[in-house]
Novice: 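Dropping the structure in here first, questions after.
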Amino acid sequence: LWSKATLQGRARTLENLDVRDMRASSEKDKELILGKIQDVDDFNAKLQVLIFDPKSGLVATWNAMDSLQQIGEVGRLIRWGLADAGSGKVWKAWDGHN
């Protein structure tokens with residue numbers, strides 16, 4: 001995200017996110033991913049909370065940070081993603097701490 005203005009400008013797009021509309025490297029990959037989601041509507045609703053929760057959502061958190069904090073957060077998320085290697089284990093452990 002380049003700036004707060006970019007984030008705010010994209011908020012409308014984020015409000016309409018639906019995992020069914022995602023792009024994947026192949027249709028087979030998309031079907032595999034969607035097949036792992038038990039309730040797509042519930043998944044989409046939880047995604048909206050992650051983005052827009054006024055206290056802990058991406059938008060609220062990002063808007064409260066200065067540039068240096070934002071870069072640090074991006075680095076932290078990249079490290080978490082690399083540690084997870086797509087398994088979901090790190091994120092499940094993270095949920096257990098909240």
Side-chain angles (χ1 to χ4, degrees):
L1 299 173
W2 292 101
S3 67
K4 289 180 185 179
T6 301
L7 180 61
Q8 291 166 345
R10 300 279 181 161
R12 275 281 189 246
T13 303
L14 294 172
E15 288 171 356
N16 296 315
L17 277 180
D18 188 324
V19 70
R20 291 172 284 233
D21 297 331
M22 73 172 161
R23 289 182 278 171
S25 57
S26 71
E27 190 62 31
K28 189 174 182 178
D29 286 347
K30 181 176 176 177
E31 291 170 9
L32 178 69
I33 293 165
L34 288 173
K36 292 181 181 267
I37 301 172
Q38 293 179 353
D39 183 337
V40 173
D41 291 326
D42 183 55
F43 180 92
N44 285 332
K46 288 178 179 175
L47 182 60
Q48 291 299 306
V49 170
L50 286 171
I51 296 169
F52 293 108
D53 182 81
K55 291 186 179 180
S56 62
L58 170 67
V59 174
T61 303
W62 194 259
N63 283 332
M65 292 180 184
D66 64 25
S67 297
L68 186 58
Q69 290 171 314
Q70 290 171 351
I71 295 301
E73 183 67 11
V74 168
R76 188 180 68 78
L77 291 172
I78 290 171
R79 285 191 302 277
W80 273 101
L82 292 172
D84 187 70
S87 70
K89 292 178 184 176
V90 170
W91 301 114
K92 287 176 188 166
W94 182 270
D95 286 342
H97 293 283
N98 290 334

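None of these values were measured; they are calculated from a predicted model.
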Novice: Mind running side chain to side chain contact (heavy atoms under 4.5 Å, CB included) on V19 and I37 for me, showing each step along the way?
Specialist: CA-CA 9 Å; V19 70; I37 301 172; 3.8 Å; yes

Novice: Can you tell whether the side chains of D18 and R20 come within less than 4.0 Å, N to carboxylate O?
Specialist: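 Looking at D18 and R20, the cut-off is met.
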
Novice: Using a 4.5 Å cut-off on heavy atoms from C-beta on, say whether the side chain of L14 contacts that of Q48.
Specialist: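 No - every pair of side-chain heavy atoms lies 4.5 Å or more apart.
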
Novice: Please report the shortest heavy-atom distance between A60 and P54, naming the atom on each side.
Specialist: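 In this case the closest contact between A60 and P54 is CB-O, 3.3 Å.
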
Novice: Run the side-chain contact (heavy atoms from CB on, under 4.5 Å) test against S26 and tell me which residues pass, sequence neighbours left out.
Specialist: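 By the side-chain contact (heavy atoms from CB on, under 4.5 Å) rule, S26 matches K28, D29.
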
Novice: Less than 4.5 Å apart, side chain to side chain, heavy atoms only: is that true for L17 and N44?
Specialist: no

Novice: Using a 6.0 Å cut-off, check whether atom CD of E15 has over 12 heavy atoms from anything other than its own residue.
Specialist: yes

Novice: Output all residues satisfying salt bridge (charged side-chain N to carboxylate O under 4.0 Å, His left out) with D42, sequence neighbours left out; order by chain, then residue number.
Specialist: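 Residues passing salt bridge (charged side-chain N to carboxylate O under 4.0 Å, His left out) with D42: K46.
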
Novice: For the atom pair CG (D53) and CG (L50), what is the distance rounded to the nearest 0.5 Å?
Specialist: 8.5 Å

Novice: Using the side chain to side chain contact (heavy atoms under 4.5 Å, CB included) definition, which of the options I33, L32, L34 pairs with K30?
Specialist: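 Result: among I33, L32, L34, L34 is the only option passing the side chain to side chain contact (heavy atoms under 4.5 Å, CB included) with K30.
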
